[in-house]
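Have a look at the structure below before the remarks.
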Amino acid sequence: MTRQIGVLLMFALVSFACSGRKAYGEENPGMKINRVDQVLYKCLTQNLPDDSLQNFKPFLDVLGKEIIFIGSTDSIGYYDRLRTYFSDPTLMGLYRDEQQQFSDISLTEKELDAGFSVLLDAFPQLKRPELYMHVSGLNQSVIVTDDLLSLSADKYLGKDYPLYQDHFYDYQLQQMTPDRIVPDYLLGFMLANFSFKGNEDVLLDKMLHEGRIRYILSRLIPERQIWEYVGYTKDQYLWCSDNQSRIWKSILEQQHLYTPDYLITAQYLKDAPSTTFLPKESPGRVGVWLGYQIIIAYMKQHPDTSLSELMNLTDYQEMLKQSKYKP
């Protein structure tokens, strides 16, 4: 494992076209996470037969073909290659620590169940995903396919976890904590299912799309602190709040809000130590934070707007106007 691993986006997704969606009805038995990480660990440490993993073949296919590149489960020698991949002592140590950290995830499942209940009631066209938890060796954080949603728990062991120090930067470490698991499951699912409709090059369009997804997240897990919805620390959120007028004035003066420029727009939305064009004390992704503020303002002006109606809005300039956002 090298430093290069650390520059992977925390929300890189393996996503596939969604089809055959079914409504989330009252028959929901509760969101349970398929612990492929636990079963695979037992296979690795207790020499369980390959058949022990048969129930996880759909996930293992994605893991093998798209994440760790060892082929599909039907290919000859797949399970031998799977064992070899995890046989590295450092990786096995990581795996062992993940097993200890997440031996009991009942509270995580409870919060996910409540969040998905709200989400899938608001968007009945979405298909309820099969949830998994896996270990990738500090690789892909979230995997989303047509039928499943999985999170790599070895990337949520805490910002002070020793192995992370040589592979990730400080601004990434703050999001690698256990309390980010539920938000990242939900964000991963929404980002894969709520496609962006607008101009990719225009900052306003991208900000409001990202902002409304965080607003919906705040409705799914309302007991969280407000800074958690944008993946900030309390201090980062307060810096943005204290400098809100300054941020807005800077964007307008530099004509970044409406001018189509993909490279400029990306600087406001990417995960980074700070946001380009703003003071060095700023956190990264200020565009996401600002979009969230505008959506909050919009919903205060239009409290009867449903979550599905909010997601269907595509006239972003009109949304800004109607929000009456004035920092």
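Scored by the side chain to side chain contact (heavy atoms under 4.5 Å, CB included) test, Asp97 finds Gln100, Leu157, Tyr161 as partners (sequence neighbours excluded). With sequence neighbours left out, Gln255 forms a side chain to side chain donor-acceptor pair (under 3.5 Å) with no residue at all. Under the side chain to side chain contact (heavy atoms under 4.5 Å, CB included) criterion, Asp235 pairs with Thr233, sequence neighbours left out.
A donor and an acceptor atom, one from each side chain of Asn34 and Glu130, are located under 3.5 Å apart.
Contacts classified as ring-ring contact (aromatic ring centres under 6.0 Å, His included) and involving residues 30-57 (residues at least two apart or in different chains) are given here: Tyr41-Tyr95. Screening residues 288-299 for side-chain hydrogen bond (donor to acceptor under 3.5 Å, both in side chains), with sequence neighbours left out, gives Tyr237-Gln293.
Residues Leu263 make up the rest of the hydrophobic cluster containing Tyr262, defined by ILVMFWY side-chain heavy atoms closer than 4.5 Å, directly or through other members.
No donor-acceptor pair under 3.5 Å is formed between the side chain of Asp61 and the backbone N or O of Ser72.
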| said: I'd like to know whether Ser141 forms a side chain to side chain donor-acceptor pair (under 3.5 Å) with Lys155, so could you lay out the CA-CA distance, the side-chain angles of the two residues, the decisive distance to 0.1 Å, and finally the verdict. | reply: CA-CA 7 Å; Ser141 292; Lys155 294 182 75 173; 3.0 Å; yes
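The shortest distance between side-chain heavy atoms of Leu163 and Asp154 does not fall below 4.5 Å.
Judged by a 6.0 Å distance limit and a 45° cone about the ring axis, Lys206 is positioned over the six-membered ring of Phe196.
Using a 4.0 Å cut-off between charged side-chain N and carboxylate O, Lys57 and Asp74 make a salt bridge. A salt bridge does not link Asp315 with Lys321: none of the charged nitrogens is closer than 4.0 Å to a carboxylate oxygen.
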